[in-house]
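This chain uses plain numbering: 1 for the first residue, then up along the sequence. We count ligands from 1, going down the list as the structure has it; atoms in each ligand are counted the same way.
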Amino acid sequence: MTLFDKLTQERRLRLTAERRLDFCQRERDAAMALIDALRAEMTQLRQHGRSSALDQALHAAALENVQLRAREETENAQRSATQAERRLWDSINTIRDGFAVFNARQELVIANQAYLNVFSGIPEAQIGVTYRRLVEILAHEERVVLGDEPRDAWIDAMVARWDDARIEPMTLCFSRGDTARIHDRRARGGDIVSLVRDITEQQRHAAEMEVARDRAEAANRAKSAFLANMSHEIRTPMNGVVGMAELLCDSALSAEQRLYADTIRSSGEALLTIINDVLDYSKIEADKLTLHPEPFDLERCIHEVLILLQAGARNRRIELLLDYDLMLPRRFMADPGRMRQVMTNLAGNAVKFTEAGHVLIRVTGGEAAPDHQTITVTIEDTGIGIPPENAKQIFSEFAQVDDQSSRKFEGTGLGLAIAQRLIALMGGEIWLDSEPGRGSCFGFSLSLPRAEGEAPVALPPDLSHVVVVDAQPMNRAILERQLARLGLDVTLCDNAEGALKTLEVLRGQGVDLVLVDADLDGQSGLDLTLRLRAAGPDTPVVLLSANPAALRGHPALTEARAVLQKPLLRHDLLQQLSGLSQPDPGPPEQQPAPSAPVPEASGSGDGGRRMRILAAEDNKTNRLVFSKMVEALAIELTFAEDGEQAVAAFRETKPDLVFMDISMPGMDGRTATREIRQIPGGAQVPIIALTAHAMAGDEEDILAAGLDHVLTKPLKKPLLLDVIARYRPEGTCAPLPGPSVASSHDAG
Ligand code: ADP
């Protein structure tokens with residue numbers, strides 16, 4: 001072997017040895033790593049074994065703690081429960097009401113002292129006793145007052161009560177003197193909880209209250225009767241005072257005497273307003289005021305109010321105007337008395353607080369439902385107005401604008417409060433717009449059911465042109481609008497000269513009617529009528545006047561087709577227009593009231609005889625007032641002083657119209673009316689009640705007694721004449737001398 005070989009071999013061996021060493025080293029490293037891992041694992045295992053022991057120890061300690069706490073809490077809870085139970089029992093035992101619980105077998109499980117007291121002295125009545133037994137003890141030991149009820153029946157009924165699904169409460173009277181209300185309720189698990197409420201005090205209070213209420217009601221009835229009687233007693237002599245003063249004013253007086261008479265009249269009327277306001281207000285306050293709706297004519301109601309206000313308005317040169325929408329129905333269902341009252345207050349205030357200018361009542365509306373109509377009524381004046389700071393409160397009780405300009409007027413400050421309540425009662429609302437110094441406008445709106453009985457008025461088809469002569473711009477505007485709505489051409493003139501010129505210009509163009517206001521500035525409407533006639537053309541002329549009676553005897557009346565009362569009733573205007581195709585009925589004096597109802601019994605047809613009127617009135621002054629008011633009429637008047645005389649006079653004179661005082665000694669007005677209704681001819685004769693009773697409901701009572709119409713005292717001449725004209729039968733002469741068509745009426 002060469003050295004090289006030896007060296008090579010040795011090198012190979014060395015390399016092999018080195019490789020083996022390297023391998024062994026890696027083997028050793030791996031083994032070391034394994035040992036380290038095992039060691040770590042061992043350490044971990046060892047550590048774990050130690051901590052679980054600790055945990056167990058800790059857990060055991062915590063458990064012990066919890067148990068300790070739980071025991072404490074249980075003990076506390078038990079203590080609280082015992083305390084609560086004791087308190088509950090103490091409370092249940094202190095209440096005066098009995099309290100008991102029965103289980104599903106109806107055995108007593110809990111009962112307080114008050115419950116057991118009823119059974120005192122009966123050892124059996126304790127926890128465990130059955131409900132039936134307790135009921136038996138109550139009955140047999142006479143612990144309850146049974147009255148006439150047999151004992152066994154009562155026991156059975158008491159036991160049967162508990163069979164009902166809902167056990168009704170009942171009242172028990174105990175023989176020891178107290179009374180209880182028993183309430184039994186089903187509870188969980190078939191239990192029944194029974195509460196026995198002591199209502200002795202309550203019943204005593206209720207009995208006392210009932211006695212007190214009876215006394216209060218009796219006092220209230222006495223007060224109402226007193227008020228009604230006082231109202232009647234005051235109104236009867238006031239009828240004399242106001243009526244006589246009114247007649248005095250109509251006679252020839254010096255300026256000073258007129259002032260005195262006028263003061264007596266207006267003070268009397270103010271006193272009556274106050275009485276009425278106070279009466280009404282006390283009724284509203286007591287919620288006693290109820291409405292009595294019936295068919296009524298709204299336009300006529302407003303017209304009547306305006307007629308009454310006219311005398312006062314005329315003295316101050318205030319024009320009263322009514323603008324009732326031509327397309328609006330006039331018959332509605334509402335309480336006529338209350339509606340008149342609202343209108344009287346609002347229109348009366350408007351006249352009272354206006355020195356000059358006009359008071360305009362405007363009625364508009366629209367259909368609210370097929371049979372209902374909304375109506376809006378505004379009452380506008382040109383008076384002193386109401387400052388904004390007062391306007392807010394004006395509908396409150398006793399609210400009056402307390403400045404110099406308004407305090408010279410009398411009043412209670414209740415009128416608007418009453419009007420507002422009445423409108424609210426009718427389901428409407430009331431408001432005010434006002435400008436101090438320029439005027440006020442009160443308004444109210446309502447929805448009212450329409451009433452039957454309104455016949456449409458047909459106009460002649462060839463009617464086309466109307467000339468209106470009126471100095472008042474507002475009047476001209478109203479007439480223009482109303483006539484234009486009927487499809488007519490309207491020419492307006494504000495004075496007689498202008499009218500003559502206009503008619504001259506229009507000659508040959510077919511003017512169908514001239515409406516002339518009698519009170520024109522400069523030349524009067526009456527003179528204009530005469531001049532128109534003298535000028536030739538025979539165009540019909542209808543005069544309008546706020547005071548037709550004042551035209552009495554003027555030659556122009558024979559030339560006019562009719563005289564219509566201002567404010568103009570739409571119905572009157574329509575009737576005049578519709579009658580244009582018929583020949584002129586002659587001078588107004590000889591015309592019958594256009595559509596006065598004709599009582600069947602009285603139409604004798606003897607042409608122009610005087611109307612026979614019977615008036616039953618026990619009070620001498622009132623007879624005098626009545627006779628003076630109708631003094632100027634062409635009628636035959638008979639008086640009766642009580643009901644019996646009235647019946648006898650009816651048989652004897654067969655009157656066309658009867659005025660019947662309601663309160664008369666002996667036979668009163670209601671009875672006399674019933675008797676007259678039995679006499680041949682008496683069923684149809686119109687009987688008008690005269691009454692000083694002005695309380696709500698009085699009118700309904702009177703109408704229910706068979707009378708046709710009610711006039712309240714003090715009597716008002718315009719209304720009295722109005723009624724006479726309305727009920728004048730055919731075949732009698734017009735009772736009013738001078739123009740008779742003061743206002744026309746239909747049966748409504
Ligand atoms: P009375 O008129 O009896 O005082 P009201 O309740 O009818 O009571 O009216 C209350 C007040 O409202 C009146 O006192 C007056 O100050 C004011 N008032 C009512 N209507 C008008 C009106 N049209 N113009 C001016 N003031 C009015």
Looking only at heavy atoms, is any part of [X] under 4.0 Å from ligand 1, and if so is it the side chain, the backbone, or both, or is it neither?
X: Ile394; result: side chain
X: Thr354; result: neither
X: Leu346; result: neither
X: Ile386; result: side chain

Taking only heavy atoms of [X], which atoms of ligand 1 are found under 4.0 Å from at least one of them?
X: Gly385; value: 25 (C)
X: Gly415; value: 5 (P), 6 (O), 7 (O), 8 (O)
X: Ala350; value: 23 (N)
X: Leu414; value: 6 (O), 8 (O)

Exercise for the section: Step through the shown structure and confirm whether more than 12 heavy atoms of other residues, nucleotides or ligands are within 6.0 Å of CD on Glu389. Expected result: yes
Handout entry: For the student: nearest non-hydrogen atoms of Glu304 and Arg340, plus distance
Key = OE1-NE, 4.2 Å
Problem - Heavy-atom pair with the smallest gap, counting every atom of Ser447 and His372 - result: OG-CD2, 3.5 Å
Practice task
For the pair Val469 and Asp517, evaluate side-chain contact (heavy atoms from CB on, under 4.5 Å) and give the outcome as yes or no after the intermediate values.
Solution key: CA-CA 6 Å; Val469 192; Asp517 181 19; over 6 Å; no
Problem - Step-by-step side-chain contact (heavy atoms from CB on, under 4.5 Å) determination, Tyr324 to Leu569 - result: CA-CA 8 Å; Tyr324 196 102; Leu569 264 179; over 6 Å; no
Practice task
Out of Phe442, Phe395, Phe353, indicate the one that has the non-hydrogen atom closest to atom 25 (C) of ligand 1.
Solution key: Phe353
Practice task
Could you tell me whether the side chain of Gln472 reaches within less than 4.5 Å of the side chain of Leu321, counting heavy atoms only?
Solution key: yes
Exercise for the section: Run the ring-centre check on Phe332 versus Phe296 and record whether the distance is less than 6.0 Å. Expected result: no
Problem - Contact with ligand 1 for Ser440, non-hydrogen, under 4.0 angstrom - result: yes
